[in-house]
Amino acid sequence: MLKRSLSAAMISLAVLGSSLAGEWNNKFIYSPQIGYHMYDEERTAKFRGMEYGLKNHVTGGAILEKIFNQFGVGFMFSYGKTELERVHALRDSYDWAIFGTYNEPVNEKLAPYVSLGIGGNALNHRTLTGIYAALGIRYLIWQNIGVRLAIQGMNLWKGRYDFIPTIGMNIVFGGTADSDRDGIPDDRDMCPNTPIGVKVNANGCPVDSDKDGIPDYKDNCPDTPAGVKVDERGCPVDSDGDGVPDYKDRCPDTEWGAKVDEYGCPIVVIKDSDGDGVPDERDRCPDTPRGVEVDERGCPVDSDGDGVPDYMDRCPNTPKGYKVDEKGCFQEVRLEIYFDTNSWEVKPEYYPILERFAKFLKENPNIKVEIQGHTDTRGPASYNLKLSQKRAEAVKRILVEKFGISPDRIIAKGYGESQPICHEDTEECHAKNRRVVAKIIK
């Protein structure tokens, strides 16, 4: 299981390759090596008509590669003898692979790499082929001699995974010298000391896309128009330091520090102390906090006209006429719904009032209210208490069933005759007391 997981991980790394991108000298590399072939648990070989498992063994072989800058191609071959489990029988084992390589030099001596290709293992006159992958590093001890450490893996036919750690030499030969490793041989390189990793042209010199004399890797303004004078950073010259380069500046001698427009000309400053976009000379609310939306007078917007500006209003959609607190939320509202004597029926003529109140509740889903029912002072107090409860519940039922307000947001409670708003013994006064009130629940 360990060998299979490691082999799969190596093949994934080789396919991605992004963590080991780079370049290596344009050379041939010959690498004699030794390794240790670790077979998949399911691999077997026949002996006298029986199948036996394979024992891991030492291998010897070589790799030959040709490196083209950061890429390369190569061939691997190795040989060893494996012993069959439970019997003392040996079998010849041959490994081979044809692959491509991607190199990433860390410095002039050390280079990690990944390889990916096709490979196989021939054993007991039977060859299994599949995907070959390797992950390793090279290190040059001398100019042309080095060592190579690698982990090779093969994903063979029917999901068999072989795993081969190796160690070997590197013998580098052939090719042409490329001192700055830019892909241009020294005999054709007109800029032989280009920093590593800098993009170059066919002559080996750093690319200068906008042709301003500053190569791209030093150019802070790589898209400067042709012919524009630039500074040492490759950016258009701005003589008066106003942020508008000379080739666009219609006022090239602007005083230092002056605020200018897109053409480099001074902007006439209009004083606006609170920064709300309304000049102080016509701002009626000159101390408005920064970022608050204001009207044409420079005062904070109060969308629902309740006297509490929107930025402070926790209930921004309060209907007009509702009495609110300092947070903009109503405390109590008379719903202007009145009842006949000894009745709790809500007449249809009051439905528009409840519809407007329901709309307000929907726009402020965090508000809970108490619907308070009241009666006049005629009749027994105990009867009036029950009657007021029925009036409160009747209003709640309409809000819930007709206008879709959640019942959890409404408490219906009767107060009987205990809270009259009119104290005269007249029919008009009694009618005013037969009412309902909505009060916010804190």
Side-chain angles (χ1 to χ4, degrees), residues 1-21 29 31-66 71-104 112-138 148-168:
M1 182 61 70
L2 177 61
K3 293 186 289 183
R4 181 171 300 182
S5 299
L6 288 172
S7 296
M10 288 195 304
I11 291 172
S12 299
L13 284 171
V15 171
L16 293 173
S18 59
S19 62
L20 293 175
I29 302 178
S31 300
Q33 64 179 17
I34 60 173
Y36 189 66
H37 195 133
M38 303 169 68
Y39 290 99
D40 189 282
E41 292 88 343
E42 297 181 5
R43 292 202 57 188
T44 61
K46 286 186 177 182
F47 179 71
R48 295 179 180 176
M50 299 289 290
E51 295 283 344
Y52 294 92
L54 305 176
K55 291 186 178 181
N56 304 331
H57 63 86
V58 175
T59 67
I63 294 176
L64 179 63
E65 290 182 83
K66 170 62 177 176
F71 296 97
V73 294
F75 175 77
M76 182 276 293
F77 178 82
S78 64
Y79 167 77
K81 282 184 177 289
T82 181
E83 183 178 354
L84 304 186
E85 294 179 348
R86 303 199 307 270
V87 295
H88 298 291
L90 297 176
R91 291 291 183 267
D92 293 327
S93 176
Y94 301 91
D95 299 314
W96 62 270
I98 300 173
F99 56 85
T101 297
Y102 201 56
N103 298 282
E104 173 60 71
Y113 70 90
V114 289
S115 299
L116 182 66
I118 60 172
N121 173 251
L123 178 69
N124 200 29
H125 307 295
R126 184 183 180 188
T127 300
L128 297 181
T129 59
I131 299 174
Y132 167 85
L135 175 64
I137 59 172
R138 301 184 239 265
R148 177 203 297 255
L149 296 174
I151 302 174
Q152 302 173 356
M154 292 189 186
N155 181 4
L156 300 173
W157 185 64
K158 289 188 176 180
R160 292 174 171 85
Y161 295 86
D162 284 6
F163 187 55
I164 313 168
T166 64
I167 183 172

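Along the sequence shown, residues carry numbers from 1.
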Novice: Tell me every residue that passes side-chain hydrogen bond (donor to acceptor under 3.5 Å, both in side chains) with His125, counting only those two or more places apart in sequence or in another chain.
Specialist: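 With neighbours one apart ignored, the set is empty.
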Novice: Answer whether the closest heavy-atom distance between the side chains of Ile131 and Leu116 falls below 4.5 Å.
Specialist: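 A side-chain contact exists here, since the closest heavy-atom pair is under 4.5 Å.
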Novice: Rounded to the nearest 0.5 Å, how far does CG of Leu84 lie from CE of Met50?
Specialist: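 Spacing of CE (Met50) from CG (Leu84) equals 12.0 Å.
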Novice: Applying side chain to side chain donor-acceptor pair (under 3.5 Å), which residue pairs with at least one partner in residues 46-55 are found, sequence neighbours left out?
Specialist: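 Of all non-adjacent pairs touching residues 46-55, those that pass side chain to side chain donor-acceptor pair (under 3.5 Å) are Thr44-Glu51.
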Novice: Could you pull out the closest heavy-atom pair between Ala134 and Tyr132, with the gap in Å?
Specialist: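 Closest pair (atom of Ala134, atom of Tyr132, distance): CB-OH, 3.6 Å.
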Novice: Could you pull out the closest heavy-atom pair between Gln33 and Ala62, with the gap in Å?
Specialist: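 The pair with the smallest heavy-atom distance is CG-N, 4.3 Å.
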Novice: Could you work out, with side-chain hydrogen bond (donor to acceptor under 3.5 Å, both in side chains) as the rule, every residue matching Glu85, not counting sequence neighbours?
Specialist: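 Testing Glu85 for side-chain hydrogen bond (donor to acceptor under 3.5 Å, both in side chains), a comparison that skips the adjacent residues, returns none.
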Novice: Under the rule for ring pair (Phe, Tyr, Trp, His ring centres under 6.0 Å), what residues qualify as partners of Tyr36, not counting sequence neighbours?
Specialist: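 So Tyr36 forms no ring pair (Phe, Tyr, Trp, His ring centres under 6.0 Å) with any residue.
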Novice: Do you know which two heavy atoms are closest between Ile137 and Pro112, and how far apart they sit?
Specialist: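 Closest approach of Ile137 to Pro112, heavy atoms only: CG2-CA, 3.8 Å.
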Novice: Using 0.5 Å steps for rounding, measure from the CG atom of Asn56 to the OG1 atom of Thr82.
Specialist: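 Separation between the atoms: 7.5 Å.
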Novice: For Tyr94, which residues count as a ring pair (Phe, Tyr, Trp, His ring centres under 6.0 Å) partner, sequence neighbours excluded?
Specialist: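 Listed in chain order: Tyr79.
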Novice: Ignoring hydrogens and angles, state whether a donor on the side chain of Asp95 or His37 is under 3.5 Å from an acceptor on the partner side chain.
Specialist: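 There is such a pair between these side chains.
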Novice: How far apart are the C-alpha atoms of His88 and Glu83, what are their side-chain angles, what is the distance that settles it, and do they pass the side-chain hydrogen bond (donor to acceptor under 3.5 Å, both in side chains) test?
Specialist: CA-CA 6 Å; His88 298 291; Glu83 183 178 354; 3.0 Å; yes
Novice: Say whether Arg43 and Asn121, considering side chains only, have a donor N or O and an acceptor N or O under 3.5 Å apart.
Specialist: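 A pair is found: one side chain offers a donor N or O, the other an acceptor, under 3.5 Å apart.
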Novice: Please confirm whether the backbone N or O of Asp40 pairs with a side-chain atom of Asp162, one donor and one acceptor, at under 3.5 Å?
Specialist: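 Judged by distance alone, yes, a pair lies under 3.5 Å.
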Novice: Who are the side-chain contact (heavy atoms from CB on, under 4.5 Å) partners of Thr101, not counting sequence neighbours?
Specialist: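 Listed in chain order: Glu65, Phe99, Asn103, Tyr113, Ser115, Arg138.
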Novice: The criterion is salt bridge (Lys or Arg N to Asp or Glu O under 4.0 Å); which residues satisfy it with Lys81, sequence neighbours excluded?
Specialist: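 Lys81: salt bridge (Lys or Arg N to Asp or Glu O under 4.0 Å) contacts with Asp92.
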Novice: Less than 4.5 Å apart, side chain to side chain, heavy atoms only: is that true for Gln152 and Thr166?
Specialist: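 Of all side-chain heavy-atom pairs linking Thr166 with Gln152, at least one is under 4.5 Å.
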Novice: Decide yes or no on side chain to side chain contact (heavy atoms under 4.5 Å, CB included) for Ile118 and Thr129, but give the supporting numbers first.
Specialist: CA-CA 7 Å; Ile118 60 172; Thr129 59; over 6 Å; no
Novice: From Ile151 CD1 over to Met38 CE, what is the distance, rounded to the nearest 0.5 angstrom?
Specialist: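 CE of Met38 is found 10.0 Å from CD1 of Ile151.
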Novice: Just jot down the side-chain contact (heavy atoms from CB on, under 4.5 Å) partners of Ile167, sequence neighbours excluded, or say none.
Specialist: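 Partners of Ile167 under the side-chain contact (heavy atoms from CB on, under 4.5 Å) test: Ile34, Leu149.
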Novice: What is the minimum heavy-atom distance between Gly119 and Leu156, and which atoms define it?
Specialist: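 For Gly119 and Leu156, the tightest heavy-atom pair comes out as O-CD2, 4.4 Å.
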Novice: The criterion is side-chain hydrogen bond (donor to acceptor under 3.5 Å, both in side chains); which residues satisfy it with Ser31, sequence neighbours excluded?
Specialist: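 side-chain hydrogen bond (donor to acceptor under 3.5 Å, both in side chains) check on Ser31 returns Arg148, Asn170.
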Novice: Once side-chain hydrogen bond (donor to acceptor under 3.5 Å, both in side chains) is applied, do any residues pair with Asn124, and if so which ones, sequence neighbours excluded?
Specialist: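 Only Arg91 meet the side-chain hydrogen bond (donor to acceptor under 3.5 Å, both in side chains) criterion with Asn124.
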Novice: May I ask you to decide if the ring planes of Tyr102 and Phe71 are parallel, tilted or perpendicular, using 30° and 60° as cut-offs?
Specialist: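 Rings of Tyr102 and Phe71: tilted, as their planes differ by 30° to 60°.
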